[in-house]
Amino acid sequence: MSKNLVIVESPAKAKTINKFLGSDFEVTSSYGHIRDLPSSGLAIDLENNYEPIYEISEDKDKVIKELQKLAKKATTIYLATDEDREGEAIAWHLCSVLGLDPKDAKRITYTEITEKAVKFAVANPRIINLDLVNAQQARRVLDRLVGYELSPVLWKKVKPSLSAGRVQSVAVRIIVDREREINGFKVESFFKLQALFNLSDNGKTTILKAENNEKLKNTAAAQSYLNDLIGAKFYVKGTEKKPSKRTPAAPFTTSTLQQEASRKLGFSVSKTMVVAQRLYEAGHITYMRTDSNSLSETAMSSLKQTIDSKYGNKYYRHRKFTTKNESAQEAHEAIRPTYAENVQVSDDRDEQRLYELIWKRTVASQMSDAELEKTVITISNDKNAKEFYAQGEVVLFDGFLKVYTESADDEEEADDSSDVLLPPLKNGLELPLRQLTATERYTRPQPRYTEASLVKKLEELGIGRPSTYAPTISTVQKRGYIVKESREGVERKFQVLTLAADAIKEEVKTEITGSEKNKLFPTDIGGVVTDFLVKNFSNILDYGFTAEVEKKFDDVAEGKQEWHKMIDDFYQPFHKNIDTTTRESERASGERALGNHPVSGEPIIVRVGRFGPMVQVGVTSEDKKPQYARLKAQQSIETITLKEALDLFKLPRVLGEFEGKEVKANIGRFGPYVQHDGKFVSLPKGTDPYEVNLDEAEALILAKRESDANKFIAEFPEQDIQVILGRFGAYIKKGKENYKIPKGTEAKHLTLEDCLSIISEADKAPKKTKRGKKTK
DNA sequence: CAGTGAGCGAGCTTCCGCTTGACTT
């Protein structure tokens, strides 16, 4: 039987294409890359022109055996991997594994998955583009050289197991730089003005809100401003109307989907990808790792139908979005619903919500502009030349806004002027002043990054790819360079001056400022590593480094540059720098002197030690050892003060005696605790070991005793079996193993026989094996 | 994950970019 074999990258895609091609074709997938550099060792032959030493990727043995089997049966093999640098390389690796000649192989590509496009591709194969393959090899080799030569320098000079790379190190730097910008930001206050007027219309009185963009420097300026307007009469000076319009955003790419899912649904970057993957595999959306904004012709015509029938033809507008990003490779379409007519696709709440987001964004992208009208009323007075402006904006035609509005990153205080309909007012109409306020406001530094806004920044810099944004974010957190945290704000006072009924009133109010939710903060080790790398390898840490090497990869792809030469030009100076840095550079610990101890006069320093950030008092001498203390969770060696550092030596604290035994508070490996009579009790969240008093400690000790007493529901010592009430409910413990109790079983009533049968059932079932790291 | 309360001592750690699965002997 003669058969044609088509190999794509993704199994879900294979399934779809299989439907288009008849029974003469078998479509299968490579599951991404099939060969790569082994994870241990450099695997690049430096003596032999940087020849990469590839091996079949772990866990790809089976895939390859299957491919080889199918290839043997096939008369023609089509390599249909993605149309980009990585896809071309996969096709090339497939040639070597399947014994094909790349100069003779049938390589096919298409940017939209429709029957027409796929059949056309099959009818018009080309051969492998070796220049493009070499560009990929250069990319791969450069990343390996950078990553595997830089990381060991960090092991020697900072701490073992750290990592550095072209992408992750710049990602960390972005966060570190921003944090320092925020720490160095000088907050200034100013006064903002707002006037409220009474507006009478047929006996009904409404309030007209007006502002003035003047910023008053200080309290005195605000006082004199209000003073000048005591007794003033206000008039309408003029009304101006301006039409404006808004256009919809482009359909989603991976990066914009991650940003919107974060803002609108509160999804982390990795959650978005997991949920999108499920929608993709179920056939509800197109591929979710893409950098392209464009929609296929077929998708656009089905969107037209959906919009016409749901909202009417005047809501439809044909739009073609081009991808702005220079680094985009556009091997896929934008992320869109596969069938625009489907609105409800899943019973899973997260899947359905993400799908709706994608649906709305895609549909809106083919809808008409929204037409708006902005009205500005200028208000003058009889005392001086100051003017106020009342602004309103109304939607004349909603267009795409009927379906979707993109949200913004910086959630500035809601814009008052939007959606306010201003009545037509005659010039010269008097507006009685209700009140005029000058409110103290504060300047704000740039906001901290969220996972999603970091992805946006990386994409702007051309760093990383759709398939790596989520893994990169998780790597920098796993290495301990960055933490995602929420932090509580602090109270801040602000003044409010109000002019009403010809009198000025002054008040002081308080607000909460600086609270953060799920933002990215650098750790001290992140700061130390960034400083070390910027100092010694500034070119690689440069925000533009990736963009620069990408240009060179492009030259290789276009056949204008030989790849070994390109790598050699980079590697020679880079490796020399690795050598000198290893030899000459000092160990980096971020050490900073805070001053001297107020009593003993000993020097006090902070630095990152083997177990993390710490304070050291004194230095090692013959008769004295220095004292150490760890920094608290949200403290940093960059910002801690001398006083805060000294406070850290208050632990362990002796709180007093309870039942004749000492009660101590301290912080241990598992967080803060109190210790009494040889027993440890963890402090609950919000209880500070520096503040906790004896009464609170006693209550905690008694509560722990109580829960310990209830902990053992049943015991069968003869079999070493216990039924224990744990944090997540009751469970069975035999020796060192733990066993779940089946749902619906009362733990209290378990007999020894019940336990034994649960245990033997569990032992029979296949054990969940953890996805282990490669072992040789 | 099922309950702990230190302080390595030999050998390993690490990159970026494609893609999903999680076994028989």
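In what follows, chains carry the letters A, B, and so on, assigned in the order in which the sequence lines appear, proteins first and then strands, with residues in each chain numbered from 1.
Under the salt bridge (Lys or Arg N to Asp or Glu O under 4.0 Å) criterion, the residue pairs touching residues 137-147 of chain A are A:Asp36-A:Arg140, A:Glu86-A:Arg139, A:Arg139-A:Asp143, A:Asp143-A:Arg166, with sequence neighbours excluded.
Minimum interatomic distance between A:Asp84 and A:Ala331 (heavy atoms only, all atoms of both residues): OD2-CB, 3.7 Å.
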*Pair pattern of DNA chain B in dot-bracket, where unpaired bases get dots and | marks partners in another strand, Watson-Crick or G-U under 3.5 angstrom*: .........................
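Between the side chain of A:Arg465 and the base of B:dC16 there is no donor-acceptor pair of N/O atoms closer than 3.5 Å.
We find that CD of A:Glu88 is positioned 16 Å from C1' of B:dG17, with the value rounded to whole Å.
The A:Gln277 side chain lies nearest to B:dT20 when the options are B:dT20, B:dC16, B:dT14. Here the side chain of A:Thr468 is nearest to one of B:dC16, B:dT14, B:dG5, namely B:dC16. Distance from the side chain of A:Ser39 is smallest to B:dC15 among B:dT19, B:dC15, B:dC18.
Residue A:Ser467 has a polar side-chain atom (N or O) positioned under 4.0 Å from OP1 or OP2 of B:dC18.
A:Tyr31 does not qualify as a stacking partner of the B:dT19 base, lacking a centre-to-centre distance under 5.5 Å together with planes within 30°.
A syn orientation is assigned to B:dC8, its glycosidic angle lying within 90° of 0.
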When the side chains of residues 149-158 of chain A are checked against the rest of the protein, which donor-acceptor pairs come out under 3.5 Å, sequence neighbours left out?
unit_1, atom_1, unit_2, atom_2, d
A:Glu149, OE1, A:Tyr571, OH, 3.4
A:Glu149, OE1, A:His575, ND1, 2.8
A:Glu149, OE2, A:Tyr571, OH, 2.6
A:Ser151, OG, A:Gly147, O, 2.7
A:Ser151, OG, A:Ala164, N, 3.1
A:Trp155, NE1, A:Ser151, O, 3.4
A:Trp155, NE1, A:Leu162, O, 2.8
A:Lys157, NZ, A:Thr582, O, 3.0
A:Lys157, NZ, A:Ser585, O, 2.8

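A perpendicular orientation is assigned to the rings of A:Tyr673 and A:Phe680, their planes being inclined by more than 60° (bins at 30° and 60°).
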